[in-house]
Asker: 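Encoded as structure tokens, here's the structure I'll be asking about.
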Amino acid sequence: MLVKQTRDLESTVYQDSLAIRQAVFVVEQHVPAELEIDEFEDQAIYFVGYVADQAVVTLRLIEADSDYHIQRVAVSRSARHHGYGQELMRAAEVFARESGKATLTLNAQLSAVPFYTQLNFQATAKPQFLDAGIMHQEMVKKLTD
């Protein structure tokens with residue numbers, strides 16, 4: 001899988017990210033479109049994984065002090081269960097480590113908690129919460145010892 005990243009909201013990489021997010025969050029999970037695209041779009045670094053020139057997985061990183069917050073992790077339906085999500089998460093982790101960040105945080109949909117647990121994220125003490133009509137759990141991964 002080829003991983004590309006961008007901050008450019010006019011780029012093909014960003015447009016590919018949006019297309020995956022639209023298909024997964026808005027169409028499959030019925031998240032309102034007005035919640036899917038938010039005020040942080042221009043503050044994020046977008047990662048997209050390509051297989052045979054097709055965009056299949058995406059996520060974005062938002063910088064917050066000593067960490068990055070991972071958001072909008074989505075895998076195209078036809079590309080699921082091939083390890084692409086894990087591969088893209090690892091690429092984001094490498095980027096964060098190389099940027100000197102101490103932790104990665106994310107808000108996992110409850111159905112995705114086992115996926116993130118496999119990647120050594122741990123649930124925080126923050127209570128589960130509803131976001132866009134879906135229950136979530138905050139999770140964190142320390143990048144330094």
Side-chain angles (χ1 to χ4, degrees), residues 1-9 11 13-51 55-145:
M1 181 174 78
L2 174 64
V3 176
K4 296 182 182 180
Q5 65 186 62
T6 190
R7 291 180 182 265
D8 179 2
L9 301 186
S11 70
V13 173
Y14 175 70
Q15 296 305 315
D16 289 342
S17 177
L18 281 183
I20 295 168
R21 290 165 48 188
Q22 168 79 19
V24 173
F25 298 124
V26 177
V27 175
E28 288 182 36
Q29 297 183 349
H30 309 291
V31 171
E34 61 272 14
L35 294 180
E36 167 46 28
I37 296 178
D38 63 18
E39 69 272 15
F40 299 108
E41 293 297 308
D42 64 349
Q43 299 172 34
I45 304 166
Y46 296 88
F47 288 71
V48 178
Y50 294 85
V51 175
V56 297
V57 60
T58 190
L59 63 77
R60 74 180 188 183
L61 295 179
I62 305 283
E63 192 167 13
D65 299 324
S66 65
D67 74 346
Y68 275 120
H69 191 83
I70 298 175
Q71 300 178 332
R72 305 302 198 272
V73 179
V75 181
S76 298
R77 184 187 299 262
S78 63
R80 292 179 190 152
H81 308 293
H82 295 286
Y84 302 134
Q86 288 186 349
E87 193 172 339
L88 194 66
M89 288 290 294
R90 286 189 197 99
E93 181 178 334
V94 167
F95 178 87
R97 284 181 191 279
E98 290 175 352
S99 299
K101 298 302 180 186
T103 58
L104 288 171
T105 59
L106 56 83
N107 295 327
Q109 293 182 8
L110 294 189
S111 62
V113 166
F115 168 78
Y116 295 114
T117 300
Q118 287 181 337
L119 292 166
N120 297 316
F121 281 81
Q122 296 180 334
T124 68
K126 181 178 177 181
Q128 294 176 356
F129 60 96
L130 194 62
D131 185 19
I134 301 168
M135 289 301 295
H136 286 73
Q137 172 67 57
E138 182 181 72
M139 301 184 80
V140 66
K141 180 174 185 174
K142 293 185 191 306
L143 301 179
T144 57
D145 294 331

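In what follows, residues are counted from 1 in the order of the sequence shown.
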Asker: Considering non-hydrogen atoms only, spot the tightest contact between Ala44 and Ile62 and give its length.
Answerer: CB-CD1, 3.5 Å
Asker: Are the side chains of Ile70 and Phe121 in contact, using a 4.5 Å heavy-atom criterion?
Answerer: yes
Asker: Look at the side chain of Arg21 and the backbone N and O of Glu36, then say whether any donor-acceptor pair between them is shorter than 3.5 Å.
Answerer: yes
Asker: Hey, what do you get for OG (Ser111) to NE2 (His136), rounding to the nearest 0.5 Å?
Answerer: 8.5 Å
Asker: What is the distance from atom CD of Gln109 to atom CD1 of Ile134, rounded to the nearest 0.5 Å?
Answerer: 4.0 Å
Asker: Test Thr117 against Met139 for side chain to side chain contact (heavy atoms under 4.5 Å, CB included), laying out the working first.
Answerer: CA-CA 9 Å; Thr117 300; Met139 301 184 80; 3.6 Å; yes
Asker: Is any side-chain heavy atom of Gln71 less than 4.5 Å from a side-chain heavy atom of Leu106?
Answerer: no
Asker: Just how far is it from atom CG of Leu61 to atom CD of Gln43, taken to the nearest 0.5 Å?
Answerer: 13.0 Å
Asker: Taking the side chain from Gln15 and the backbone from Leu9, do they hold a donor-acceptor pair closer than 3.5 Å?
Answerer: yes
Asker: Is there a side-chain contact between Asp16 and Thr58 (heavy atoms, below 4.5 Å)?
Answerer: no
Asker: Taking only residues two or more places apart in sequence or in another chain, which ones pass side chain to side chain donor-acceptor pair (under 3.5 Å) with Asp38?
Answerer: Arg60, Arg72
Asker: Is it the case that the side chain of Gln29 and the backbone of Ala132 share a donor-acceptor pair, with hydrogens and angles ignored and the cut-off at 3.5 Å?
Answerer: no
Asker: Could you tell me if the side chain of Val56 sits less than 4.5 Å from the side chain of Tyr50, heavy atoms only?
Answerer: no
Asker: Please answer whether the main-chain N or O of Lys126 pairs with a side-chain N or O of Thr124 as donor and acceptor at a distance below 3.5 Å.
Answerer: yes
Asker: Is it true that the NZ or CZ of Lys4 lies under 6.0 Å from the centre of Phe47's six-membered ring and within 45 degrees of the ring axis?
Answerer: no
Asker: Do Gln86 and Gln118 have side-chain N/O donor and acceptor atoms under 3.5 Å apart?
Answerer: yes
Asker: What are the two closest non-hydrogen atoms of Ala33 and Val26, and how far apart are they?
Answerer: CA-CG2, 4.0 Å
Asker: Looking at every non-hydrogen atom in both residues, tell me the closest pair between Val73 and Met89 and how far apart they are.
Answerer: CG2-SD, 4.1 Å
Asker: Would you say the side chains of Tyr46 and Glu41 form a donor-acceptor pair under 3.5 Å?
Answerer: yes
Asker: Please report the interatomic distance CE(Met1) to CG(Leu88), rounded to the nearest 0.5 Å.
Answerer: 5.0 Å
Asker: With distance as the sole test, does Ser11 use its side chain to make a donor-acceptor pair with the main-chain N or O of Tyr14 at under 3.5 Å?
Answerer: yes
Asker: How about Leu104 and Leu143: do any of their side-chain heavy atoms sit closer than 4.5 Å?
Answerer: yes
Asker: Is a side-chain N or O of Lys141 found less than 3.5 angstrom from the main chain of Leu119, in a donor-acceptor match?
Answerer: yes
Asker: What's the shortest heavy-atom distance between Val48 and Ser17, and which atoms?
Answerer: CG2-CB, 3.7 Å
Asker: Quick one: sort the Phe95 and Tyr68 rings into parallel, tilted or perpendicular, breaks at 30° and 60°.
Answerer: tilted
Asker: Which pair of non-hydrogen atoms, one from Gly85 and one from Val75, has the smallest distance, and what is that distance?
Answerer: CA-CG2, 4.1 Å
Asker: Nearest 0.5 Å, what's the CD-OH distance between Gln122 and Tyr116?
Answerer: 16.0 Å
Asker: Less than 4.5 Å apart, any side-chain heavy atom of His69 and any of Asn107?
Answerer: yes
Asker: Say whether, by atom type as modelled, one donor and one acceptor occur between the side chain of Thr6 and the main chain of Asp8 under 3.5 angstrom.
Answerer: yes
Asker: Does Arg80 have more than 12 heavy atoms from other residues, nucleotides or ligands lying within 6.0 Å of its CZ?
Answerer: yes
Asker: Which heavy-atom pair separates Pro114 from Leu110 by the least distance, and what is that distance?
Answerer: CD-O, 3.9 Å
Asker: What distance separates Ile37 CD1 from Phe25 CZ, expressed to the nearest 0.5 Å?
Answerer: 12.0 Å
Asker: Can you confirm whether Asp42 is buried at CG, in the sense that more than 12 heavy atoms of other residues, nucleotides or ligands lie under 6.0 Å from that atom?
Answerer: yes
